[in-house]
A.B. asks: 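The structure that follows is given in the form of structure tokens.
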Amino acid sequence: MSTSSQPQFRYTQTPSKVLHLRNLPWECAEEELVELCKPFGKIVNTKCNVGANRNQAFVEFADLNQAISMVSYYASSSEPAQIRGKTVYIQYSNRHEIVNNKSPGDTPGNVLLVTIEGVEPNDVTIETIHLVFSAFGFVHKIATFEKAAGFQALIQFTDAETASSARNALDGRSIPRYLLPDHVTSCYLRISYSAHTDLNIKFQSHRSRDYTNPYLPVNPTAMEGLLQPVVGPDGKKQEPQSNVLLASIENMQYAVTVDVLHKVFSAFGTVQKIAIFEKNGGTQALIQYPDVTTAAVAKESLEGHCIYDGGYCKLHLSYSRHTDLNVKAYSDKSRDYTISDPSLLATQVPGLPAAPNAWQNPQGVPVHHGTDYSASAAIQGQPPAGQVPAWDPNFQARPPYGSVTGQTYQSLTAPTYVNAARPAGSSPLSQPGASSMPMQQQQQPQPPWANVRQGGAAVLGRPPYYSR
DNA sequence: AGCACA
């Protein structure tokens, strides 16, 4: 902070395109400023409400001579410059351009930056935010994050007009109390415009949503945040035991299929469900046991071990926060072994339960496959049987391609490959007789909200966000 | 009445 850094005399004006106007009336509008100045030239920028009293302003002309003409005119005029009858004092500014006339947050755009004050991130769900802002138009995307400023959300509308209507209505307002947890006393929204025009949402999760693409992959790890945060009795975070294990597969040189995982994890007890997914470029899987004890044994036994010799497909296990996976009964990435007796599924059982809870498993009970899959399996080159990757220390490293299951669920395998091989729309499941399960062709992961509604299958097919 | 923003 050196005084010599300001060598120019403060009140000695060298000409500038920028004029400094002071003694302006309270909250002088930009229009009033322009009215006063535009007879002298083209105004390219202004800044109003400057100074502690907000009664100063800057006006920048396109050309220096225009500014000079204005200053000269009023220097020799008998009538001072006036706005609303107040004399306005005009000088050259000591700067030569107006910078940051508008802060970026005041430049309208279709994306709002919302800071939610007075709440913890867990107090306001993305659903609540969506609800509040949807009142002004279709909300395309939402991304939430925690920064120094607090809990913030980027909310993408179709256009700046919609965004500004939301901003005008909600800025400084509070989210309705009934949408908030009881312990939240106040929750004020500070809204500005983001410079973004299109948010890049990679996953549906508890922190981000893309309502234009309901079938965007769900990030299962992120979705765990939907559950209660886990805090031990001592107040510290802990990893609670669970009947569901989260397996990260490292150095996955060979394909790890549902069948392989089933074989490996079945060594410790009944495996109920398996789901495989990609996360951060790696492969992870969720393996569900009936009880925590079995999961704990499997975790202790398998942690750090490799599915194949040579350090291939090394397992890292932790407890998932899930307790009951909602997975497609048959897909190349998931399996629900609890759906019913596999031996029944292999054969056509016309009256097999239409399953009161069939909507929870949109892939449904594949009673319609009939003879179809045997042919498709052949097309896929799947041998009827093959080497089973066993949990055997002597097991030779070998890609499990073509590996087929043991007798127990061999029959389950074929429909999986059938579904994977068949283009959407050609599934026999879409035949009229299958109308009770309308969404069976949806191969994408279910949006997380799909399974919380009754009749979720129908909701999945036509999310409410398409209703506009 | 006396020079902004972030």
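The shown structure was predicted, so the numbers you read here are calculated from the model rather than taken from an experiment. Proteins get letters first, then strands, A, B, ... in listed order; numbering begins at 1 in each.
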A.B. asks: Decide, yes or no, whether a salt bridge links A:D182 with A:R177 under the criterion of side-chain N to carboxylate O below 4.0 Å.
C.D. replies: no

A.B. asks: Roughly, in whole Å, what's the span from CD in A:Q13 to P in B:dA1?
C.D. replies: 17 Å

A.B. asks: Nearest-Å distance, CH2 (A:W26) to P (B:dA1)?
C.D. replies: 15 Å

A.B. asks: What is the distance from CG of A:L24 to P of B:dA4, rounded to the nearest Å?
C.D. replies: 15 Å

A.B. asks: In terms of the nearest nucleotide of DNA chain B, which residue is placed more toward the 5' end: A:R22 or A:R95?
C.D. replies: A:R22

A.B. asks: Which is true for A:E60 with a 4.0 Å heavy-atom rule: it touches a base, it touches only sugar-phosphate, or it touches nothing?
C.D. replies: nothing

A.B. asks: Could you tell me how far apart A:K86 (NZ) and B:dA1 (C1') are, to the nearest whole angstrom?
C.D. replies: 9 Å

A.B. asks: Could you tell me the separation between the NE2 atom of A:H20 and the C1' atom of B:dA4, rounded to a whole number of Å?
C.D. replies: 9 Å

A.B. asks: Run the ring-centre check on A:Y211 versus A:H140 and record whether the distance is less than 6.0 Å.
C.D. replies: no

A.B. asks: Once you round it to whole Å, what is the distance between C1' of B:dA1 and CG of A:N23?
C.D. replies: 5 Å

A.B. asks: Could you tell me the separation between the CD1 atom of A:I98 and the P atom of B:dA4, rounded to a whole number of Å?
C.D. replies: 13 Å

A.B. asks: Can you name the ring pair (Phe, Tyr, Trp, His ring centres under 6.0 Å) partners of A:Y74, sequence neighbours left out?
C.D. replies: A:F40

A.B. asks: Is it the case that the ring center of A:H262 lies less than 6.0 angstrom away from the ring center of A:Y337?
C.D. replies: yes

A.B. asks: Report the distance from atom CG of A:N45 to atom C1' of B:dA4, rounded to the nearest whole Å.
C.D. replies: 12 Å

